[in-house]
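Report on the structure given below.
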Amino acid sequence: MSGRRGVKKPPPRRATSRLRLGLGIGLAVIVAFAIGALVVLNRTNATVEPLSRLGTADVHSLTFVGDDAQRLLFGHHDGILETHDGGRTWTKLGAHDDAMGMSAAAGGSIVIAGHDVLTASSDGGQTWTNVATDLPSRDVHGFARDPADPSHMWAALATGGLWESRDAGLHFGQVYGENVLLPIAIDLASGTRLVAIAAAGLVQSDDGGRTWTPLGTPDLYPIVSLAATTNGAVLVAGGPDGLRRSDDGGRSWKDPGFKGDPFAVAVSTDGRTIALVTRKADFYRSDDGGGTWARP
């Protein structure tokens with residue numbers, strides 16, 4: 001009798017069914033959670049396949065051409081690539097100069113600046129002419145043009161300081177002695193504003209670069225790319241830690257979730273489309289402000 005008391009009876013069939021049902025529900029919850037996590041990762045992570053691979057040895061500049069969200073120019077050490085289909089296909093565009101900085105304006109005007117380069121095109125990049133500038137150095141590491149007046153431009157030199165021209169680059173005068181990086185010009189109702197990176201972070205100037213006041217600085221270090229809508233309402237910045245976006249002119253910033261390393265960024269005039277090129281020269285594009293990224 002004592003031996004029989006030590007033998008455990010199998011659980012009732014009903015309890016086994018409940019156990020299996022519970023395991024099935026738990027497994028379903030786990031699978032659903034995993035699928036949801038994958039969806040979130042695909043929305044926010046740069047592991048999504050790039051829209052195109054540019055294949056250049058370096059990455060310098062990126063800009064939309066006018067209000068056309070399908071046309072972009074990408075600058076690298078050996079010239080410019082152009083797309084008319086939003087970044088899916090690219091072709092070489094005329095110039096073979098170092099397009100470290102670049103600005104495209106209405107009517108086919110494009111100016112590029114870089115290492116010993118300041119050259120301009122008036123026919124959309126088919127032909128180019130060196131600008132006979134009086135800059136003390138043609139080693140330009142930052143370049144901006146006034147959206148309201150394309151003949152008004154600024155050059156940040158490798159030798160230091162910010163220089164201003166009002167005659168399409170022929171004559172420049174120094175307006176600021178310290179270094180400012182990645183200057184961009186925006187068109188406000190009150191006049192033209194410059195936004196740039198200084199030693200203390202993001203700064204802005206409303207007097208052509210002569211004096212600067214601080215803005216909110218995104219949590220990126222270093223900031224290697226900066227762009228803004230024409231009216232300055234939307235700014236985007238990129239760096240090794242990803243992408244940041246501001247919807248209030250640079251006062252506050254948010255992380256849209258892109259986890260790559262944008263070395264060149266651009267934003268369309270309406271602020272909806274963000275384009276970027278990573279350090280590996282991979283091109284990505286978002287048409288909803290950075291929430292999702294187009295697939296090839």
Side-chain angles (χ1 to χ4, degrees), residues 46-65 71-104 110-121 125 128 130-131 135 137-145 153-160 179-184 196-197 218 220-228 236-244 258-267 274-286 293 296:
T47 55
V48 175
E49 188 177 355
L51 189 60
S52 57
R53 299 183 188 277
L54 304 183
T56 57
D58 51 29
V59 175
H60 282 336
S61 54
L62 185 69
T63 184
F64 286 95
V65 180
R71 186 183 178 200
L72 294 100
L73 302 177
F74 164 67
H76 58 104
H77 190 72
D78 295 318
I80 299 174
L81 299 180
E82 179 183 34
T83 179
H84 287 271
D85 58 9
R88 289 166 178 81
T89 60
W90 298 80
T91 57
K92 293 182 179 179
L93 183 65
H96 298 283
D97 294 312
D98 175 29
M100 194 164 191
M102 179 169 51
S103 174
I110 306 171
V111 178
I112 61 176
H115 298 296
D116 297 321
V117 173
L118 186 62
T119 186
S121 173
W128 295 85
N130 288 329
V131 178
L135 276 172
S137 168
R138 292 173 64 91
D139 195 358
V140 183
H141 279 206
F143 180 75
R145 275 206 294 178
M153 56 186 62
W154 293 264
L157 301 185
T159 53
N179 287 325
V180 289
L181 306 177
L182 308 177
I184 54 176
I197 306 296
L220 293 172
Y221 185 81
I223 300 173
V224 298
S225 54
L226 187 65
V236 291
D241 297 324
L243 185 72
R244 301 294 185 269
F258 187 88
K259 301 303 181 187
D261 49 358
F263 265 48
V265 295
V267 59
I274 296 175
L276 63 88
V277 181
T278 67
R279 188 175 193 172
K280 295 181 179 180
D282 290 339
F283 177 83
Y284 292 84
R285 173 192 179 96
S286 172
W293 297 87

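Just so we're clear, the structure is a prediction, and the values are computed from it rather than from any experiment. FYI, the numbering just counts along the sequence from 1.
- The local environment of CZ in Arg71 is crowded, with over 12 non-hydrogen atoms from other residues, nucleotides or ligands closer than 6.0 Å.
- Separation of atoms CD (Glu82) and OG1 (Thr89) is listed at 10.0 Å; rounding is to 0.5 Å.
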| request: Evaluate the side chain to side chain contact (heavy atoms under 4.5 Å, CB included) criterion for residues Trp293 and Leu51: first the C-alpha distance (whole Å), next the side-chain angles of each, then the deciding distance (0.1 Å), finally the verdict. | output: CA-CA 8 Å; Trp293 297 87; Leu51 189 60; over 6 Å; no

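- Interatomic distance, Ile197 CD1 to Ile223 CD1, rounded to the nearest 0.5 Å: 3.5 Å.
- Nearest heavy atom pair, residue Ala196 against residue Pro183, reads CB-CA, 3.9 Å.
- Taking every heavy atom of both residues into account, Gly160 and Asn179 meet most closely at CA-OD1, 3.1 Å.
- Under the 3.5 Å distance criterion, the side-chain polar atoms of Ser121 are left unmatched by any main-chain donor or acceptor of Ile110.
- Using a 4.5 Å cut-off on side-chain heavy atoms (C-beta onward), Phe283 and Thr83 make no contact.
- Nearest heavy-atom pair, Ser52 versus Arg88, reported as atom, atom and distance to 0.1 Å: CB-O, 3.8 Å.
- Here the shortest heavy-atom pairing between Ile112 and Met102 reads CG2-CG, 3.7 Å.
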| message | Between Val117 and Met100, does the side chain to side chain contact (heavy atoms under 4.5 Å, CB included) criterion hold? Intermediate values first, please. | response | CA-CA 9 Å; Val117 173; Met100 194 164 191; over 6 Å; no

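- A donor-acceptor pair under 3.5 Å links the side-chain atoms of Arg285 to the main chain of Gly86, judged by distance alone.
- Considering every non-hydrogen atom in both Val59 and Ala264, the closest pair reads CG1-CB, 3.7 Å.
- Between Ala120 and Val131, the closest heavy-atom pair is CB-CG2, 4.1 Å.
- Judged by distance alone, with hydrogens and angles left aside, the side-chain atoms of Arg244 form no donor-acceptor pair with the main-chain N or O of Pro218 at under 3.5 Å.
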| said: Assess the residue pair Phe258 and Leu276 against the criterion (side chain to side chain contact (heavy atoms under 4.5 Å, CB included)); give the C-alpha distance rounded to whole Å, side-chain angles, the decisive distance to 0.1 Å, and a yes or no. | reply: CA-CA 10 Å; Phe258 187 88; Leu276 63 88; 3.6 Å; yes

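- Counting heavy atoms from C-beta outward, Phe74 and Thr56 have side chains that approach closer than 4.5 Å.
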| task | Test side chain to side chain contact (heavy atoms under 4.5 Å, CB included) on Leu81 and Lys92 and set out the steps. | result | CA-CA 5 Å; Leu81 299 180; Lys92 293 182 179 179; 3.8 Å; yes

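- Going from atom CG of Leu118 over to atom CG of Asn130 covers 8.5 Å, rounded to the nearest 0.5 Å.
- The distance from the CZ atom of Phe263 to the OG atom of Ser61 is 14.0 Å, given to the nearest 0.5 Å.
- Judged purely by atom type and a 3.5 angstrom limit, Tyr284 uses its side chain to pair as donor or acceptor with the backbone of Val48.
- Here the OG1 atom belonging to Thr278 is positioned 8.5 Å from the CZ atom belonging to Arg53, to the nearest 0.5 angstrom.
- Relative ring orientation between His115 and His77 is described as tilted, the plane-to-plane angle lying within the 30° to 60° band.
- Distance CZ/Phe64 to CD1/Ile274: 9.0 Å, rounded to 0.5 Å.
- Side-chain contact between His76 and Val277 is absent, with no heavy-atom pair separated by less than 4.5 Å.
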